[in-house]
Amino acid sequence: MPRATNNPATRQRRRKIVKMASGYRGARHKLFKTAKQAVDHSGQYAYRDRRNKKREFRRLWIARITAGARANGMTYNRLMEGLNKAEIGLDRKMLAELAVNNAEAFAALVEKAKATLAAV
């Protein structure tokens, strides 16, 4: 009986790695060894950056809210305190969207926060 090899599975595994590396420059998209290294590194970067993306968006939202709050004569910290005391449960993503695209609604929220802080 002839010796059985794992040739088809090996070829399939290598073809999958090289396909994942398509679009990479140089030898990285052709040669298996460099393609495997490149794909492994890109997987690590993707894993790390899926977490960093959440941080980056939160920083962006806070910067936009801060700009909108300062345009209406208030700081970010006081605005968030006033909104919490007024029990307005908008998250930072929605507040940033209002600050950029609907300045009148955001100004109304700032006034509500100011009134709540003055009342307390």
Side-chain angles (χ1 to χ4, degrees):
M1 184 171 194
R3 182 174 65 94
T5 65
N6 202 20
N7 193 20
T10 304
R11 187 180 300 123
Q12 191 175 19
R13 208 166 30 245
R14 290 182 177 197
R15 188 178 293 144
K16 183 174 82 171
I17 294 290
V18 171
K19 184 179 179 187
M20 288 170 72
S22 69
Y24 291 5
R25 294 185 61 171
R28 293 169 169 234
H29 80 281
K30 294 181 198 171
L31 306 180
F32 173 71
K33 184 176 177 181
T34 53
K36 182 162 173 42
Q37 291 171 351
V39 167
D40 286 346
H41 283 127
S42 68
Q44 289 172 341
Y45 295 141
Y47 177 85
R48 178 196 68 193
D49 291 338
R50 278 195 297 274
R51 279 129 193 93
N52 286 352
K53 182 169 66 169
K54 295 161 185 59
R55 290 180 218 158
E56 294 297 320
F57 269 112
R58 185 178 171 97
R59 285 178 61 191
L60 174 67
W61 297 331
I62 289 173
R64 288 178 174 176
I65 295 167
T66 302
R70 288 190 184 274
N72 287 293
M74 201 171 202
T75 63
Y76 169 80
N77 196 28
R78 296 292 288 170
L79 172 66
M80 296 309 283
E81 182 187 2
L83 291 176
N84 285 335
K85 286 184 177 173
E87 297 180 358
I88 297 173
L90 285 174
D91 60 359
R92 285 166 181 80
K93 182 178 180 180
M94 289 297 110
L95 285 171
E97 186 70 24
L98 285 174
V100 172
N101 295 324
N102 195 346
E104 303 85 33
F106 188 78
L109 286 173
V110 171
E111 291 305 317
K112 181 88 168 164
K114 280 182 184 176
T116 304
L117 287 173
V120 173

- line: The complete set of side-chain hydrogen bond (donor to acceptor under 3.5 Å, both in side chains) pairs with one or both residues in residues 21-30, sequence neighbours excluded, reads Y24-S42
- prompt: What is the distance from atom CE of M94 to atom CD1 of I65, rounded to the nearest 0.5 Å?
  reply: 10.5 Å
- request: Measure across T66 and I62 and return the closest heavy-atom pair with its distance rounded to 0.1 Å.
  value: OG1-O, 2.7 Å
Note, L79 side chain near F106 side chain (heavy atom, < 4.5 Å): yes
field: Residue list, side chain to side chain contact (heavy atoms under 4.5 Å, CB included) with R11, at least two apart or on another chain
entry: N7, R15
statement: Tracing side-chain contacts under 4.5 Å among Ile, Leu, Val, Met, Phe, Trp and Tyr outward from L60 reaches F57, W61
message: I'd like to check the side chain to side chain contact (heavy atoms under 4.5 Å, CB included) partners of D49; sequence neighbours left out, ordered by chain and number.
response: Y45, N52
message: I'd like to check the side chain to side chain donor-acceptor pair (under 3.5 Å) partners of R51; sequence neighbours left out, ordered by chain and number.
response: none
- request: Indicate the atoms forming the closest heavy-atom contact of L117 with R78, along with that distance.
  value: CD1-O, 3.4 Å
- request: Sequence neighbours left out, what pairs pass salt bridge (Lys or Arg N to Asp or Glu O under 4.0 Å) with at least one residue falling in residues 34-44?
  value: K36-D40
statement: Residue pairs passing the salt bridge (Lys or Arg N to Asp or Glu O under 4.0 Å) test with at least one member in residues 85-96, sequence neighbours excluded, are E81-K85
- prompt: Hey, any chance V100 and M80 share a hydrophobic cluster, counting ILVMFWY side chains that come within less than 4.5 Å of each other, even indirectly?
  reply: no
- request: With sequence neighbours left out, write down each residue that passes side chain to side chain contact (heavy atoms under 4.5 Å, CB included) with A105, or none if nothing qualifies.
  value: L98, N102
Set of salt bridge (Lys or Arg N to Asp or Glu O under 4.0 Å) partners for E56, sequence neighbours left out: R59
Straight-line distance of M20 CE to I17 CD1, nearest 0.5 Å: 5.5 Å
message: Test of understanding: with side chain to side chain contact (heavy atoms under 4.5 Å, CB included), list the residues that count as partners of N101, not counting sequence neighbours.
response: E97
Listing, residues 107-116 side-chain donor-acceptor contacts under 3.5 Å, not counting sequence neighbours, or none:
residue: K114; atom: NZ; partner: N72; partner atom: O; Å: 2.9
residue: T116; atom: OG1; partner: K112; partner atom: O; Å: 2.8

query: In terms of hydrophobic clustering (I, L, V, M, F, W, Y; side-chain heavy atoms under 4.5 Å; direct or indirect links), are L31 and V18 co-clustered?
result: no
